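Values in this document were obtained by computation on a predicted structure and should not be read as measured data.
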Amino acid sequence: MNTFEPTSLDRRDLFLARAYYFAYLGGWGFILPFINLFYVSLGLNGKQIGTLSATSSLIGLLIAPVLVSEVKKSARPERYLQWALALGALAYLFIGQQTSFWPILLIIFFQAMIMSGLVPISDSMAVSVASSAGTGYGSVRVWSSVGWILSVLAAGWLIERLGFAAGFGGVAFGFVAASALIFSIRPQHFASARPAADSSKPGLPATLGRVARDPILFGFAIALVFIGFLNNGVLQFETVYLAELGASKSLISVAGILSAVVELPFMLWADKIVRKVSAPRLMLLAFIIIIFQRLLVLFYPSIATIMIARFVGGTSFSFYTVAFIGLISSRTQPNETGTVLALYTITISGLVSMLAAPVSGAIFDAVGARWLYALSLTGYSIGLLSLGLALRKSQKESHANHE
């Protein structure tokens with residue numbers, strides 16, 4: 001019988017971690033759905049927008065794994081998160097004041113250097129807090145969806161009346177609030193688990209070796225490469241496509257929350273599913289749902305079908321997010337989970353995005369947004385095949401070892 005009972009401090013940290021995700025990831029909703037509309041309003045073309053995205057990706061892939069590894073070794077790794085959030089907020093305020101390509105590129109360059117380890121270290125903290133409180137990562141991550149719903153709705157209304165500066169101010173406020181919340185979360189949730197006395201903390205080469213030897217981790221990495229490259233165009237230009245189809249900023253803000261509304265129950269449900277069917281299988285289901293979404297928009301391109309796809313996307317995003325963290329954390333040691341998360345969320349994603357963003361921008365300029373969905377469909381189909389074959393191989397190896 002399980003007699004585990006979280007302490008009052010565990011419950012307090014869980015509340016604070018949820019509030020942190022509400023402010024930090026939720027706060028991004030003030031600008032992320034509208035950032036490319038801001039760039040288009042300045043007269044930037046698809047190639048320039050792709051270059052801005054590629055710059056951020058390039059800096060992240062070069063810095064993030066080393067940065068995360070070093071930050072996790074420090075006495076107070078949470079201080080990095082606080083500075084990254086505060087300086088990241090300042091960078092967004094500066095971006096909102098620019099009117100041309102080159103100053104924005106320079107600010108994004110420095111912002112990416114500062115914030116490159118933010119996502120993996122935050123996720124590592126959330127996994128630790130959730131585990132101590134006897135719950136799943138999804139119960140923390142779902143609060144970013146709550147924040148996203150509120151911030152996107154507010155941003156659509158504010159931007160139509162006050163301009164894009166209101167959106168940049170909103171995300172800056174969310175970042176500063178998240179930075180302040182970190183003061184009250186116990187430091188143990190930010191530090192790596194202590195390695196055994198006869199072992200040393202694995203470095204990046206050892207981590208890469210683990211990924212290469214694990215068929216599921218390796219197959220998932222291959223999947224992310226193809227998905228990241230071929231899905232990049234949809235991520236960059238779907239809101240621009242909605243605007244081209246005639247959607248107002250308020251309607252775009254509604255589109256931005258449709259997925260998040262569905263995420264509220266499904267993120268919690270995903271925690272239960274991942275324990276029953278395993279993270280890789282849940283990830284395969286997420287891929288299948290996303291393939292259906294892309295088919296829907298490709299064959300019936302309209303505002304209505306994009307809205308429906310966004311609504312269905314709440315299910316796939318919930319499954320994908322919880323399965324992603326579960327897949328990595330279940331197949332790595334606690335003291336290397338943060339580094340592997342950085343490898344997958346920043347390095348692989350960043351390298352692929354760096355190459356894909358300008359290409360996607362050129363394709364958008366040449367043929368428009370509709371055919372970006374065909375590319376995305378191809379990417380997820382390859383990802384489904386790669387991870388599916390890796391899971392089958394892992395099952396065969398496990399069965400052979402038990403005979």
Side-chain angles (χ1 to χ4, degrees), residues 21-22 25-37 138-139 141-157 159-160 167 227 230-274 282-324 369-377 379-381 383-384:
Y21 270 74
F22 177 91
L25 280 182
W28 249 323
F30 276 105
I31 199 58
L32 287 192
F34 308 96
I35 188 70
N36 284 350
L37 294 177
S139 72
R141 184 62 170 74
V142 70
W143 284 92
S144 67
S145 301
V146 178
W148 181 273
I149 292 170
L150 298 177
S151 63
V152 172
L153 284 176
W157 186 86
I159 289 172
E160 281 197 336
I227 290 170
L230 296 172
N231 189 53
N232 186 273
V234 172
L235 294 180
Q236 284 197 86
F237 297 106
E238 187 166 69
T239 54
V240 177
Y241 190 33
L242 278 169
E244 289 180 347
L245 291 170
S248 66
K249 290 184 177 65
S250 293
L251 188 57
I252 289 171
S253 71
V254 172
I257 69 163
L258 286 176
S259 173
V261 169
V262 180
E263 288 165 25
L264 298 181
F266 274 90
M267 196 75 74
L268 300 175
W269 191 34
D271 273 336
K272 297 179 181 179
I273 296 175
V274 79
L282 185 59
M283 183 63 74
L284 292 174
L285 178 57
F287 288 171
I288 292 170
I289 297 172
I290 296 170
I291 288 170
F292 168 76
Q293 293 170 238
R294 299 300 186 248
L295 280 169
L296 183 66
V297 178
L298 179 63
F299 288 109
Y300 304 99
S302 68
I303 294 174
T305 52
I306 292 176
M307 300 288 271
I308 293 170
R310 286 286 186 100
F311 187 79
V312 174
T315 305
S316 58
F317 182 81
S318 299
F319 290 172
Y320 179 93
T321 302
V322 172
F324 191 109
R370 180 183 179 184
W371 295 106
L372 297 174
Y373 290 86
L375 293 176
S376 176
L377 169 65
Y380 277 103
S381 298
L384 180 68

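- Taking both residues in full, the closest heavy atoms of Gly29 and Val152 are given as O-CG2, 3.3 Å, listed atom of the first, atom of the second, then distance.
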Evaluation steps, side chain to side chain contact (heavy atoms under 4.5 Å, CB included), between Val262 and Ser318: CA-CA 8 Å; Val262 180; Ser318 299; 6.0 Å; no

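- What you find for Ser144 and Leu25 is that their closest heavy atoms are CB-CB, 3.4 Å.
- The aromatic rings of Phe319 and Phe266 stand perpendicular to each other, their planes meeting at an angle above 60°, with 30° marking the opposite boundary.
- Contact of the Leu242 side chain with the Leu251 side chain is not registered, since no non-hydrogen atoms from C-beta on lie closer than 4.5 Å.
- Partners of Glu160 by side-chain hydrogen bond (donor to acceptor under 3.5 Å, both in side chains), not counting sequence neighbours, listed by chain and number: Ser250.
- Closest of all the heavy-atom pairs between Ala270 and Leu282 is O-CD2, 3.9 Å.
- In plain terms, the two heavy atoms of Phe30 and Ala155 that are nearest each other are O-CB, 3.4 Å.
- Once rounded to the nearest 0.5 Å, the distance linking CG of Leu268 with CD1 of Ile273 reads 11.0 Å.
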Atom pairs and distances, donor-acceptor, side-chain atoms in residues 287-298, under 3.5 Å, two or more places apart:
residue, atom, partner, partner atom, Å
Gln293, OE1, Ser316, OG, 2.7
Gln293, NE2, Ala309, O, 3.1
Arg294, NE, Asn231, OD1, 3.4
Arg294, NE, Ser376, OG, 2.7
Arg294, NH2, Asn231, OD1, 3.0

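- Every salt bridge (charged side-chain N to carboxylate O under 4.0 Å, His left out) that Glu238 has, sequence neighbours left out, goes to Arg310.
- Annotation: side-chain hydrogen bond (donor to acceptor under 3.5 Å, both in side chains) contacts involving residues 253-268, sequence neighbours excluded, comprise Ser145-Glu263, Ser259-Glu263.
- Scanning both residues, Tyr241 and Pro301, for their nearest heavy atoms gives OH-CB, 3.3 Å.
- Atom CZ of Arg141 is separated from atom OH of Tyr21 by 7.0 Å, given to the nearest 0.5 angstrom.
- Exactly one residue among Asn232, Thr239, Val234 makes a side-chain contact (heavy atoms from CB on, under 4.5 Å) with Gln236. That residue is Asn232.
- Closest heavy-atom contact between Gly383 and Ile227: CA-CD1, 4.2 Å.
- Contact of the Phe299 side chain with the Tyr373 side chain is not registered, since no non-hydrogen atoms from C-beta on lie closer than 4.5 Å.
- In this structure a side-chain-to-backbone donor-acceptor pair under 3.5 Å is missing from Trp148 to Trp143.
- Looking at residues two or more places apart in sequence or on another chain, you find a side-chain contact (heavy atoms from CB on, under 4.5 Å) between Val240 and Asn36, Leu37, Val40, Phe237, Glu244, Phe364.
- For the atom pair Trp371 CH2 and Leu377 CG, the distance stands at 11.0 Å (nearest 0.5 Å).
- Applying the side-chain hydrogen bond (donor to acceptor under 3.5 Å, both in side chains) test to Thr305 and every residue at least two apart in sequence or in another chain returns Ser302.
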